[in-house]
Colleague: 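Please see the structure below; I have some questions.
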Amino acid sequence: MPVKLYSYWRSSCSWRVRIALALKEVNYEYSPVHLVTNGGEQRTDEYRSLNPMKQVPSLIIEGKTVTQSMAIVEFLDEKFPKQGVRLFPEDLTTKTKVREVCEIINSGIQPIQNLSVLQQFDDQEKRMEWGHLFIDRGFVALEAFLKTTAGKYCVGDVLTAADAFLVPQVGNALRFKVDMSKFPIIAKIDEELKTHKAFIAAHPTKQPDCPENSG
Ligand SMILES: N[C@@H](CCC(=O)N[C@@H](CS)C(=O)NCC(=O)O)C(=O)O
């Protein structure tokens, strides 16, 4: 039974899961959910029956649905412990640091700049200001946190789930014109990961639903 990912090319939460799938070397079918056209395909009754939050991503595996990117990434790591990269290290202290980075992004930054929040403003400029403010503020905390944990990657010198969460949030930061020179540790890790093949494969511009003129 093939694994299926409901995703939107530009969604940072889908992007996290695409990175995790690539790092775990799990093949999957890509099912696009357009978050904007026709009021958003995530809001149809059909999609809502998979994901009651009306959000991407959703993963179908062995006929079961898993939602919430953090739960999906943990599920993949536990389902395939010996395959690909270990996303959550065995050592409890290190694993907790990985989870802390993930949660700063997953709970502390992304939800405040999510599409349905921004759509409360009609004005595009206001949306931009809001997204910029909360990503910038979150990155101040994240940069300080990474100062205590980072090596080549977010937590030491091995790839973990934290890196899968970091790169898409930097993608959002750039969309909201956050000045990344203020965050040298985040920027350096992001730069390091740009050439990794799992991160290249998961990039929004490599997805089948990415428009040709995405820039
Ligand atoms: N906690 C959820 C958040 C998912 C989420 O916010 N997805 C966004 C895209 S990154 C979405 O589908 N937004 C649609 C909307 O706000 O209508 C997860 O990690 O999976």
Side-chain angles (χ1 to χ4, degrees), residues 3-24 26 28 30-61 64-78 87-88 98-122 124 126-128 130-132 134-135 138-139 142 160-176 178 199 202-211 214:
V3 177
K4 187 168 175 179
L5 177 69
Y6 289 87
S7 167
Y8 180 57
W9 65 284
R10 193 150 82 156
S11 141
S12 64
C13 304
S14 306
W15 186 353
R16 297 166 187 168
V17 171
R18 296 194 303 257
I19 294 169
L21 285 161
L23 288 173
K24 295 305 286 181
V26 174
Y28 62 95
Y30 188 99
S31 187
V33 178
H34 201 298
L35 297 187
V36 186
T37 53
N38 300 325
E41 291 175 352
Q42 74 278 25
R43 297 182 184 132
T44 61
D45 289 345
E46 194 189 347
Y47 186 74
R48 197 163 31 161
S49 69
L50 284 179
N51 188 320
M53 285 296 285
K54 300 180 261 178
Q55 293 171 333
V56 285
S58 300
L59 189 79
I60 313 294
I61 184 162
K64 296 189 187 77
T65 308
V66 190
T67 65
Q68 298 299 322
S69 60
M70 186 70 179
I72 297 173
V73 173
E74 287 187 328
F75 172 87
L76 290 171
D77 208 34
E78 288 176 34
L87 298 172
F88 293 93
V98 171
R99 287 191 172 129
E100 286 179 78
V101 174
C102 293
E103 286 300 347
I104 289 173
I105 296 166
N106 185 47
S107 316
I109 305 177
Q110 185 275 336
I112 321 173
Q113 50 95 125
N114 183 32
L115 180 67
S116 58
V117 173
L118 297 176
Q119 282 174 339
Q120 301 307 306
F121 302 109
D122 292 330
Q124 283 296 337
K126 193 78 200 152
R127 289 184 187 184
M128 186 59 105
W130 182 274
H132 181 283
F134 286 103
I135 298 173
F139 272 16
L142 184 60
T160 64
D163 303 296
F165 278 65
L166 182 89
V167 166
Q169 192 59 54
V170 174
N172 281 354
L174 296 173
R175 278 176 65 197
F176 287 95
V178 171
F199 288 77
H203 195 271
T205 56
K206 293 282 192 295
Q207 307 315 307
D209 56 337
C210 176
S214 69

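These numbers were taken from a predicted model, which means no experiment stands behind them. Only this structure's heavy atoms are used, side chains among them; waters, hydrogens and symmetry mates stay out. Each ligand, and each atom within it, is numbered from 1 in the order the structure gives.
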Colleague: Residue-level breakdown please: for Asn114 versus ligand 1, do any non-hydrogen atoms fall below 4.0 Å on the side chain, on the backbone, on both, or on neither?
Modeller: side chain
Colleague: Out of all atoms in ligand 1, which are within 4.0 Å of some heavy atom of Asn106? Include the element for each.
Modeller: 19 (O)
Colleague: Considering only non-hydrogen protein atoms, determine which one is nearest to atom 3 (C) of ligand 1 and report residue, atom name and distance to 0.1 Å.
Modeller: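 Closest protein heavy atom to atom 3 (C) of ligand 1: Gln55 OE1, 3.4 Å.
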Colleague: Would you say that Leu23 contacts Phe199 through its side chain, given a criterion of any heavy-atom pair below 4.5 Å between the two side chains?
Modeller: yes
Colleague: In terms of residue, atom name and distance, what is the protein heavy atom nearest to atom 7 (N) of ligand 1?
Modeller: Val56 O, 2.8 Å
Colleague: Which option, Pro168, Pro111, Ser69, owns the non-hydrogen atom nearest atom 18 (C) of ligand 1?
Modeller: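 The residue whose heavy atom sits nearest atom 18 (C) of ligand 1 is Ser69.
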Colleague: With atom 10 (S) of ligand 1 as the reference point, say which of Gly40, Ser11, Ser116, Ser7 has the nearest heavy atom.
Modeller: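 The option holding the nearest heavy atom is Ser11.
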Colleague: Does Pro57 come within less than 4.0 Å of ligand 1, judged by its heavy atoms?
Modeller: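 A heavy atom of Pro57 does come that close to ligand 1.
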Colleague: What pairs of residues pass the ring pair (Phe, Tyr, Trp, His ring centres under 6.0 Å) test when at least one of them lies in residues 35-54, not counting sequence neighbours?
Modeller: Tyr6-Tyr47
Colleague: Just say parallel, tilted or perpendicular for the rings of Trp15 and His203, cut-offs at 30° and 60°.
Modeller: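 Trp15 vs His203 ring planes: perpendicular.
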Colleague: So, using side-chain contact (heavy atoms from CB on, under 4.5 Å) as the criterion, who are the partners of Thr37 when residues are at least two apart?
Modeller: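 Scan of Thr37 (side-chain contact (heavy atoms from CB on, under 4.5 Å), adjacent residues dropped) gives His34, Glu41.
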Colleague: Do you see a donor-acceptor pair shorter than 3.5 Å between the side chains of Gln169 and Gln113?
Modeller: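 Per modelled atom types, Gln169 and Gln113 side chains form a pair under 3.5 Å.
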Colleague: Counting heavy atoms only, which part of Gln119 comes closer than 4.0 Å to ligand 1: side chain, backbone, both or neither?
Modeller: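 Neither part.
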Colleague: What protein heavy atom lies closest to atom 2 (C) of ligand 1? Include the residue and the distance to one decimal.
Modeller: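 For atom 2 (C) of ligand 1, the nearest protein heavy atom comes out as Gln68 OE1, 3.1 Å.
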Colleague: Quick check: closest heavy atoms across Asp77 and Leu87, and the distance to 0.1 Å?
Modeller: OD1-N, 2.9 Å
Colleague: For ligand 1, which is the ligand I care about here, please tell me if Ser14 has any N or O atom under 3.5 Å from one of the ligand's N or O atoms.
Modeller: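 Between Ser14 and ligand 1 (N or O atoms, distance only) the closest approach is not under 3.5 Å.
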Colleague: Just jot down the ligand 1 atoms closer than 4.0 angstrom to any heavy atom of Ser12, in number order.
Modeller: 10 (S)
Colleague: Does Arg16 come within less than 4.0 angstrom of ligand 1, counting non-hydrogen atoms of the residue?
Modeller: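 Yes; Arg16 lies near enough to ligand 1 that a heavy-atom distance drops under 4.0 Å.
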Colleague: Can Leu76 and Leu21 be said to form a side chain to side chain contact (heavy atoms under 4.5 Å, CB included), step by step?
Modeller: CA-CA 8 Å; Leu76 290 171; Leu21 285 161; 3.7 Å; yes
Colleague: Tell me, which protein residue and heavy-atom name are nearest atom 15 (C) of ligand 1, and how many Å apart are they?
Modeller: Gln42 NE2, 3.6 Å
Colleague: Would you please determine whether Gln110 falls within less than 4.0 Å of ligand 1 on a heavy-atom basis?
Modeller: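 A heavy atom of Gln110 does come that close to ligand 1.
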Colleague: Between Arg16 (side chain) and Met70 (backbone), is there a donor-acceptor pair under 3.5 Å?
Modeller: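 Checking the backbone N and O of Met70 against the side chain of Arg16, no donor-acceptor pair under 3.5 Å is found.
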Colleague: First locate atom CD1 of Ile72, then atom OG1 of Thr67, and finally report the distance between them rounded to the nearest 0.5 Å.
Modeller: 6.5 Å
